[in-house]
Amino acid sequence: MTEAITNLVKLLATEPYRLLVFLVGMMAFVGLNAAYLVWVERKGAARFQRRPGPTEVGYAGLLQPIADAVKLMSKQLIVPAGVDRTLFRVAPLLMMSPALMSLAVIPWGENLAARNINVGLLMIFSFASINVMAIMLGGWASRNKYAIISAARVVSQNVAYEIPMLLVAITMIMVTGTMNLNEIVQQQAGAFWHWNLFRVWINPLMPVTFLIFYTCMLAETNRAPFDMAEAESELVAGAYTEYSGMGFGVFFMAEYANILLGCALATVLFLGGWQSPFGILSGVIWFLLKMYFLVFSVVWIRWTFPRTQFYGLLNLSWKILIPVSLLTLILSSAMIKLFHHA
Amino acid sequence: MKNSLKEIFTGFNSLVTGMRITLGEFFKPIVTVQYPHESLKMPKRFRGHIELVRDPETGKAICFACKLCERACPSDCITVEGAKLDGAKKKSVTEYKLDFTKCSLCGSCVEACRDNAIRYTHQYNLASTNREDFIMDLFKRMEDDAKANPMPETPKPEVAPQPPANEAPKAEQPQPAAPAQPN
């Protein structure tokens, strides 16, 4: 019996099966997370406002996501007259799939990654940009004024925030010397002061770099206070206005999948991935703990700050984040050249 | 340069302060009432629909169908009928209908009543999809109550022994002899 299991595991670890297993596993993981992050969001929102949140469906409302899914799936998928049918249908998928694909290179544990490729970081950033296009297409194809305004906003917002994010990514590549996410995590072994976040001897502005990355991640995933794309008070539901049923549901899930991806990437780059903060007992559990702490802080931020105005959003990026991230880039390259020259 | 740096720092500081406050709220107890499972206790002077008051000594209705309330009602939603029972000095009420679809809870009836025979209830869960539910037979309601507990435990609220200390004691008294204006 045990032999059969080991044989099965061995078989599943070989190439085509490994990919398939990971694909199914990742889809299940992202699907469950997207569903239950909605629950976390609602519970979190409620607690921050001193309400109990969902309590009716299941214990502590734990079956709420299932009820939501059933409701969304039972709705009619309306394609309004005069929209670009193909683009309208494709846009939600285009938003969901890059997040799923990018998660393939995330090292969840020491040996737990679908693909341990050398350009993991590059791949994530190249796929993450598709996200913008998906929202833009959704907004454009909807043939709705609100949606088009939202699409225009999304483009300018994401262009503005992609720059500091990539500058930070370049800083991190310089510091770590690799784009292989697994290797980046391995470099942060030891205790928590080996995490990139606290390696101030390489670059004294490392915590600032993390904050810039985090802020850009919020903006790229269109989360409050940067949720200009679906500013309810101004644009109804922004690019999602004309979507109904699961079309909207997929957009919604994709938003959470992107948050998950952003938090996972922040964990890998700055918080030492699966490494334990005490140098012993490293494992997946630490990765998940760190990632979900970041996810919680995303919810926390959403329910603390009001939405920024659009020019405030662009000012923050062009006047503060880009100069500061350029500064950290120059500073860390100078520090590496002067003190850590290999 | 110096100013903008300072601005960044104070701005960041204010963000951190905001987040600290919301996190503090996160761990505090819940303040909302979970309505269908629990509801608020109505304050003593809450003005729900009216009901007939029973005499604490006899357990019967105080009302003797003088119809002052019927006449005082601006919306014409009260119907009172009375009859003289055998051996009784006064008439006593035999029918008291309140059409709550028209009642605006103005309280003129309670004010008009000279003997404090009607009072406000504390009922507020009165939603219904059935119009007939709002034509209330208050006489039947009182009789049902009399069956459930033969002697009313609390006397009339107007002569409640301890009005709350912070309330003006007079405030709860209805005008005793205000002549009802027939409308």
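FYI, side chains are in, hydrogens and waters are out, and symmetry mates aren't considered; it's all heavy atoms of this structure. Lettering of chains follows the sequences in order, A, B, ..., and the numbering in each one begins at 1.
- In this structure, R307(A) is not positioned above the aromatic face of F226(A) in the sense of NZ or CZ being under 6.0 Å from the six-membered ring centre and within 45° of the axis.
- Within the 4.5 angstrom heavy-atom criterion, no atom of I21(B) approaches chain A.
- Contacts between F12(B) and chain A at a heavy-atom distance below 4.5 Å involve the side chain alone, from C-beta outward.
- When each of H37(B), Q34(B), K28(B) is checked for heavy-atom pairs under 4.5 Å with chain A, K28(B) comes out on top.
- Here the rule is salt bridge (charged side-chain N to carboxylate O under 4.0 Å, His left out) with E25(B), and of R51(A), R47(A), R50(A) only R50(A) fits it.
- Contact of the T267(A) side chain with the F287(A) side chain is registered, since non-hydrogen atoms from C-beta on lie closer than 4.5 Å.
- Side-chain contact between S14(B) and T10(B) is absent, with no heavy-atom pair separated by less than 4.5 Å.
- Residue F305(A) touches chain B through its side chain alone, counting heavy-atom pairs closer than 4.5 Å.
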